[in-house]
Structures are given as C-alpha cells and as structure tokens.
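What follows is a short report on a single structure.
As the structure is a prediction and not an experimental result, all values here were calculated from the model. Throughout, a chain's letter reflects where its sequence line sits, starting with A, and its residues are numbered from 1.
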Number of protein chains: 2
Amino acid sequence: MSIYCIMGVMNPLQTLDPAVDASCCVPSAKPALSAEEAQQKALVFKALADPNRLRLLSIVKGEEAGESCVCDLTGPLDLGQPTVSHHLKILVEAGILHREKRGTWAYYSLVPGALDDVAGILSAL
Amino acid sequence: MSIYCIMGVMNPLQTLDPAVDASCCVPSAKPALSAEEAQQKALVFKALADPNRLRLLSIVKGEEAGESCVCDLTGPLDLGQPTVSHHLKILVEAGILHREKRGTWAYYSLVPGALDDVAGILSAL
DNA sequence: GCAGTAGATTGACATCCGTCGATATAGCCC
DNA sequence: GGGCTATATCGACGGATGTCAATCTACTGC
C-alpha cells in the first residue's frame with residue numbers, strides 16, 4: 001500500500017507490499033497464494049471479466065492515436081453514457097487504462113505494459 | 001465447437017467459430033471486438049475473477065504431481081466442500097482445469113497451455 | 001447387501017454488479 | 001453571467017454470483 005493510497009485509489013497492478021512475501025526462503029514450490037494476494041490479483045481479472053469492458057479496451061487499443069475520448073466509446077457499445085463512464089472508471093482503478101482530461105473531453109489510453117503485467121500474473125500463479 | 005460440445009460443456013478457450021470473423025479483409029486496425037467475441041472471452045476472465053479460484057489454480061499448479069484431489073483443496077481455503085466443488089466446476093467449464101475421476105477421488109490438473117491462451121487473448125485484444 | 005467415504009448437486013440466501021434515469025460538475029463560447 | 005456540451009456521480013432496480021446446509025450419487029470394503 002503506502003504511496004499507492006495517496007490518490008485514494010488502490011492500484012491492483014502495483015506489486016504487493018513485499019511484507020506479505022516474507023515467507024521467503026522456501027524452495028519456491030509451495031507458497032501457493034495467500035488470501036490477500038489472491039484478492040489483490042482477482043481485482044484485475046474482475047476488471048477484465050465483463051464483455052463491454054473488453055470491447056472498450058479493444059477499441060482504445062485499436063485507436064491509432066493510442067487514445068479515445070468517451071464520445072468515441074459510447075457509440076460502438078449499446079450502452080448509455082453513464083454506464084460507459086462507470087466501466088472506464090473500473091478499468092482506470094484496475095491500473096489498465098489511463099485517464100487524461102483535456103478541456104471538456106476525457107481521453108483514455110492503455111497504461112503501457114499493463115496487459116503484459118496481467119499476463120505475468122498468470123504465469124506466476 | 002464440434003467435439004468440444006460432446007461433453008455438454010462449452011469451452012471458452014477454444015477459438016470462436018470463424019464465421020464471426022468473416023468481416024475480414026479489413027486492414028486489421030478496426031475490427032475491435034464483436035459483442036459475441038467479447039462475451040466469449042469474458043467467460044475466461046470471469047472464471048479467474050475470484051480470489052478463491054486463483055488460490056485453487058495456484059495450489060494445483062504448485063503441486064509436484066501436477067494434479068490435486070478435492071480433499072487437498074478444501075483444507076487450505078476456508079471454504080466448505082460444496083463451495084470448492086462449485087469453484088472447480090467453473091474452472092473446468094472455462095477450459096482451465098481438467099478433471100479426472102479415479103475411483104472415489106477426483107483429480108484436477110491444469111489444462112496444458114490454458115493460461116498461455118489467456119495471455120494470448122490479452123495480447124490479441 | 002450394508003456402512004462409510006469422496007465428491008457433486010440442489011435450493012436458499014445475502015451480497016455484488018451492470019444498467020439506467022436523473023442530477024451534478026466542469027469547461028467552452030457568446 | 002448564461003446557455004451549452006462533455007463527462008462524472010448518485011440512487012434505484014434486477015439479475016448474476018459466492019456461500020452454505022442438506023441431499024444425492026458413486027465407489028470401496030466388509
């Protein structure tokens with residue numbers, strides 16, 4: 001935790017407090033996953049576990065400029081603007097998307113390496 | 001689909017019916033993700049979006065024999081046997097775990113390459 | 001067959017989550 | 001300032017999801 005809570009947002013993609021890993025010195029075969037680690041990692045997958053959020057990611061990723069504003073995202077999905085905003089918030093809180101407000105518009109872009117980090121979680125299970 | 005439905009189980013990790021991809025011949029920049037594709041891919045992440053299921057995977061993966069029986073899984077988690085059975089079923093239906101019954105016991109093992117396939121979904125978003 | 005055991009299934013319940021309409025906030029332009 | 005637009009937040013509602021106790025199924029061994 002520590003500094004990652006300053007923004008009032010807990011970012012699941014940040015590495016866990018090393019203290020929980022203090023059961024080190026084990027050959028590496030057994031630690032399994034503590035309840036806390038599991039809950040933390042599950043947050044990222046929860047963010048990915050919705051069809052509409054996957055589509056949002058797909059659209060943002062496919063955008064040549066690397067970013068999309070909300071107005072470009074409400075169209076393709078059959079969802080209202082508040083719902084899209086809600087999904088985007090979840091993706092931002094999961095550390096997958098980055099939000100930048102310029103003037104009246106909000107632009108969303110993929111956090112570099114975020115999806116790779118998720119893949120890393122899988123291989124490190 | 002085809003043979004994968006013989007068991008009465010739809011395996012989300014199998015590639016989608018190519019028909020949905022028939023909007024080919026697009027340079028490759030735009031297809032985004034159709035609603036059907038998104039729903040299909042979300043199933044796998046739904047299966048991973050629970051702390052206890054992540055712990056189950058972690059335990060099975062860490063087992064030297066490559067498989068665990070249910071009795072080895074109910075202990076570490078603070079869950080009743082029916083609940084563990086329920087979670088295991090979800091992981092099997094997602095194509096991540098394989099179930100083999102030998103005698104009275106049921107052994108669960110990772111489907112080879114399943115987690116890599118999930119990583120592939122991410123990079124192909 | 002009978003008792004015992006491992007595991008799956010069912011049904012109920014509480015909680016979580018996706019969605020919407022309504023409203024609030026914030027920036028632009030006249 | 002006042003109207004306008006883009007986006008976020010709130011409150012409510014219905015459906016999905018995790019959990020458990022109780023029950024069922026299938027195998028083992030006597």
Side-chain angles (χ1 to χ4, degrees), chain A residues 7-10 12 35 38-39 41-57 59-60 67-94 96-109, chain B residues 7-10 12 33 35 38-57 59-60 67-94 96-109:
Chain A
M7 312 299 289
V9 173
M10 180 64 161
Q39 185 143 21
K41 296 182 196 301
L43 286 182
V44 191
F45 293 110
K46 272 187 213 293
L48 294 169
D50 180 272
N52 288 315
R53 288 198 287 271
L54 288 181
R55 296 185 76 187
L56 285 172
L57 285 180
I59 294 172
V60 171
E67 58 181 16
S68 318
C69 74
V70 179
C71 53
D72 293 334
L73 298 170
T74 41
L77 280 61
D78 272 356
L79 295 177
Q81 172 266 323
T83 305
V84 172
S85 197
H86 167 70
H87 285 312
L88 289 169
K89 184 179 183 181
I90 289 177
L91 289 169
V92 168
E93 286 176 350
I96 300 171
L97 282 187
H98 171 250
R99 175 180 183 268
E100 185 185 351
K101 187 146 191 185
R102 292 203 297 273
T104 315
W105 289 272
Y107 293 88
Y108 288 86
S109 56
Chain B
M7 313 299 288
V9 172
M10 180 61 162
L33 214 54
Q39 186 145 20
Q40 183 79 2
K41 297 182 196 300
L43 285 182
V44 191
F45 293 110
K46 272 188 212 289
L48 294 169
D50 179 273
N52 288 316
R53 287 199 286 271
L54 287 182
R55 297 184 77 188
L56 286 172
L57 284 181
I59 295 172
V60 171
E67 58 181 15
S68 317
C69 75
V70 177
C71 53
D72 293 333
L73 298 170
T74 41
L77 280 62
D78 272 357
L79 295 176
Q81 173 267 321
T83 304
V84 171
S85 197
H86 168 69
H87 285 311
L88 289 169
K89 185 179 183 181
I90 289 177
L91 289 169
V92 168
E93 287 176 349
I96 301 172
L97 282 188
H98 172 249
R99 175 179 184 269
E100 185 184 350
K101 187 147 192 184
R102 291 204 297 272
T104 313
W105 290 273
Y107 293 89
Y108 287 87
S109 56

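- Between the CG atom of B:L88 and the C1' atom of C:dT9 there is a distance of 14 Å, given to the nearest Å.
- By the 6.0 Å contact criterion, CD on B:Q39 is open, its count of non-hydrogen atoms from other residues, nucleotides or ligands being 12 or less.
- Whole-Å rounding puts the B:R99 CZ to C:dA6 P distance at 15 Å.
- Here the CG-OG1 distance, from A:L77 to A:T83, works out to 10.0 Å after rounding to the nearest 0.5 Å.
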Summarise protein proximity over nucleotides 17-30 of chain D in one line of letters, 5' to 3': B for base, S for sugar-phosphate only, - for none, counting protein heavy atoms closer than 4.0 Å.
-> SSBBBB----SS--

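- Look at CD on A:E93: it is 12 Å from P on D:dA8, rounded to the nearest Å.
- The side-chain tip of B:R102 points at the ring of B:Y107 from less than 6.0 angstrom away and within 45° of straight on.
- Scored by the side-chain hydrogen bond (donor to acceptor under 3.5 Å, both in side chains) test, B:R55 finds no partners at all (sequence neighbours excluded).
- Side-chain contact between B:H87 and B:D50 is present, with heavy atoms from C-beta onward closer than 4.5 Å.
- Residues A:S68 and A:Y108 fail the side-chain proximity criterion, which asks for heavy atoms closer than 4.5 Å.
- Contact of the A:I90 side chain with the A:R53 side chain is registered, since non-hydrogen atoms from C-beta on lie closer than 4.5 Å.
- Spacing between atom CG of A:L91 and atom C1' of D:dA8 amounts to 16 Å, rounded to whole angstrom units.
- Axis angle between the ends of the helix from C:dG1-D:dC30 to C:dC30-D:dG1, five pairs each and rounded to 10 degrees, works out to 20°.
- Residue A:K89 places at least one side-chain N or O closer than 4.0 Å to OP1 or OP2 of D:dT9.
- Closest non-hydrogen pair, B:A38 versus A:L54, comes out as O-CD1, 3.7 Å.
- Between B:Y107 and C:dA6 there is no side-chain polar atom (N or O) within less than 4.0 angstrom of OP1 or OP2.
- A salt bridge between A:K46 and A:E93 is absent, with no side-chain N of the basic residue lying under 4.0 Å from a carboxylate O of the acidic one.
- Look at A:Y108 and you'll find a side-chain N or O under 4.0 angstrom from OP1 or OP2 of D:dA8.
- With rounding to whole Å, A:L97 atom CG is found 16 Å from D:dT7 atom C1'.
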